[in-house]
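A, B, ... follow the sequence lines: proteins, then strands. Residue 1 opens every chain.
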Amino acid sequence: MADSTATAAKAAEARAAEATAAATKDTRRPVRFRGGGFVPQSRRWIGLAVFIILLLATEAGTRSGFISNLTLPRPSDVLATFVELFQSGLLWKHLLPSVSRLIVGALLGATVGIGVGIMIGLFSLVRAGLVPLVAAIFPIPKIALLPLFVIWFGIDEGSKYALIAFGTFTPTVVATYGAVDNVDRTLIRMGQSFSLTWFSIVRKIVLPGAMPGILSGLRVSLAIAIILLVAAEMLGAEYGIGAYILEAGALYDLERLFVGVTILSILGICVSAALTQIEKHLLRWRV
Amino acid sequence: MDLQLENIGHSYDGLTVLQDISLNIPTGKIVCVVGPSGCGKSTLLRLIGGLEQPTSGQVLQLGSPPAHSINPLTYVFQDFALLPWRTVEGNISLVLEDHHLNASDIKTIIDDVLARTKLSDFRVALPRQLSGGMKQRVAIARALAVNPAVMLMDEPLSALDSQTRELLMDDLIGLWIREKFTAVYVTHNLNEAVRLGHSIVILSRRPGQIREVVDIDLPLDQRRPGDPELESKQQHLWQMMRDEAEAADKELISG
């Protein structure tokens, strides 16, 4: 009895082994690869290529008459207008006041914003008092307040600085206190456990820990600053990129309009590149 | 300096985590605290070092810490707690900067602790360049730098793989042999406890109470892995903890 079951089991085993052997012979193939992807990879020149292709397509379209001159200006004409602007010396006359407004306004807004953001992050009382206020101010289109700023700070540079500063302030505050909240609490406990002073903990642990968040917040804030720069200059500025664009727009001079817009784009790229350099320097410890 | 815990009890929002813990931590000894997860081991350690206040009872210092001790009660954390933006050297100098030491003193101390933890070649490395074991060595060097009267070690080897753990245990024993520091060593690893502890405190599951204190008299430098006395002690500890751990495992995590 026991013997027969044992033989049966043995036979079954042999059959199973045979079956697997046959299966392996028929269907021996490599395991299908299904990983990979979902990782951003650096493709250096693609961005530039897309840009150039778009420009060339526009150029070809406008030249062939497929795109009418009223719809889009010819890129080569825009370039010619830019060269003209540069040669006449007007470029610097427009650019310098704009850049100085941007620097003063954004510096003011970002500094105060970072300061207030850190205070909110550190003190519950400040947080309770100011977070609702910031939330209330954030969605207001700051451009709508321009007339008010003109009354408060005068029609000259003051109101322009104020508008840019105010617009940079709110996103910086939100990014900064978020960054402070995200600082690893175990590092702060560590500081306390070694009896570091409160000030040391803030300066040596909280601030560097919040720096990545603050810098990425600045990217957004500074882009907003450029938008507001133009808005501010559209109202009562003799020189400035905004004034230049407004004038071109009023005359339907599309070439000049596009020159102005291109200058703003380049300005944005420069600011972003500068921030990348700052990040590279300040956040060397990451990655 | 001895530490004495008197009827420590602690609760979070009405949930009692620790109950009636009384314990002596004698100078120059390593006291291990073991217990099932969630029994309040780490909380107890935070209470001892003054990072949290007990709901009842008190932690007492008997005698004053040695004069050269910069930070008498010093922690070593499970996740190392190194500042990622500071080098090895910078992480150690961080804890010395607030104590009115001059630059040459700081340098001497850093040189000394780096040599003791075999880190002299890694002075300017950033934490991200180091393996887990090296990071914990840096954290231990940092703790040694302030000349602690009592080291409070919160599962210092739990984030490391078993080979690294074995190496670091040898290092810790070496450090203790060189200079007999006092330590409270919290762990859930019974092997670490029997290798490093002069006495082992077993906590019950929540609310954590002391179930038993086991003393091991064998000197630290004679404790080898696989030693029959240690094995039997470890077996004894496990018998005691097994049911507790099983019951603790089945509990719902509240709050």
Side-chain angles (χ1 to χ4, degrees), chain A residues 39-40 42 114-115 117-118 121-124 175-219 274-287, chain B residues 42-43 45-53 65 69-88 90-100 124-130 135 138-139 141-156 159:
Chain A
V39 179
S42 145
I114 291 173
I118 288 170
L122 291 179
F123 305 106
S124 313
T176 305
Y177 81 71
V180 172
D181 289 350
N182 274 332
V183 173
D184 193 348
R185 297 294 122 167
T186 56
L187 293 182
I188 295 175
R189 294 281 165 276
M190 181 277 291
Q192 291 176 323
S193 80
F194 280 97
S195 310
L196 300 194
T197 59
W198 181 88
F199 191 68
S200 267
I201 291 178
V202 172
R203 192 164 64 86
K204 296 170 186 168
I205 300 178
V206 176
L207 270 189
M211 203 44 89
I214 293 176
L215 286 177
S216 65
L218 275 185
R219 267 184 203 282
L275 265 176
T276 306
Q277 284 310 309
I278 293 174
E279 276 182 353
K280 264 194 188 150
H281 178 74
L282 284 181
L283 308 181
R284 265 169 312 192
W285 49 274
R286 287 206 313 189
V287 186
Chain B
S42 298
T43 308
L45 204 65
R46 284 201 295 277
L47 294 174
I48 296 175
L51 282 184
E52 248 176 88
Q53 284 182 308
S69 177
I70 297 171
N71 188 46
L73 301 175
T74 296
Y75 284 87
V76 175
F77 299 92
Q78 179 178 0
D79 51 7
F80 325 128
L82 299 175
L83 300 184
W85 48 86
R86 285 198 176 215
T87 59
V88 167
N91 266 290
I92 299 170
S93 76
L94 171 82
V95 300
L96 299 169
E97 284 160 11
D98 277 7
H99 297 280
H100 312 289
V124 292
L126 285 169
R128 68 176 157 86
Q129 299 172 297
L130 302 174
K135 282 185 203 163
V138 178
R142 178 178 63 187
L144 293 173
V146 292
N147 255 317
V150 180
M151 288 243 254
L152 303 168
M153 311 180 92
D154 186 6
E155 308 222 15

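Of the inter-residue distances, the one linking B:His100 atom NE2 with B:Ile70 atom CD1 reads 11.5 Å to the nearest 0.5 angstrom. Atoms CE and CD1, from A:Met190 and A:Ile205 in turn, are 4.5 Å apart once rounded to the nearest 0.5 Å. Annotation: the span from B:Phe80 atom CZ to B:Leu130 atom CG amounts to 10.0 Å, rounded to 0.5 Å. Between the NZ atom in B:Lys135 and the CD atom in B:Gln129 there is a gap of 10.5 Å [rounded to 0.5 Å]. Annotation: the span from A:Phe199 atom CZ to B:Asp98 atom CG amounts to 10.5 Å, rounded to 0.5 Å. To the nearest 0.5 Å, the span separating CH2 on A:Trp198 from CD1 on A:Ile188 amounts to 11.0 Å.
Between A:Leu207 and A:Ile118, some side-chain heavy-atom pair lies under the 4.5 Å cut-off. B:Trp85 is not listed as a side-chain neighbour of A:Met211, based on a closest heavy-atom distance of 4.5 Å or more.
Heavy-atom distances place the side chain of B:Arg86, and not its backbone, under 4.5 Å from chain A. Looking at B:Phe77, the atoms closer than 4.5 Å to chain A (heavy atoms on both sides) all sit in the side chain, from C-beta outward. Contact of B:Val146 with chain A is made through the side chain alone, with heavy-atom distances under 4.5 Å.
In terms of non-hydrogen atom pairs under 4.5 Å with chain A, the most contact-rich of B:Leu51, B:Leu126, B:Leu82 is B:Leu51. Counting heavy-atom pairs closer than 4.5 Å to chain B, the top residue among A:Leu282, A:Asp184, A:Leu196 is A:Leu196. The greatest number of non-hydrogen atom pairs below 4.5 Å with chain A, out of B:Leu73, B:Thr74, B:Leu83, B:Thr87, is found for B:Leu83.
Within residues 149-156 of chain B, no residue has a heavy atom under 4.5 Å from a heavy atom of chain A.
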ask   = What's the verdict on salt bridge (Lys or Arg N to Asp or Glu O under 4.0 Å) for B:Glu97 and A:Arg203, showing C-alpha distance, side-chain angles and the deciding distance?
value = CA-CA 12 Å; B:Glu97 284 160 11; A:Arg203 192 164 64 86; 5.8 Å; no

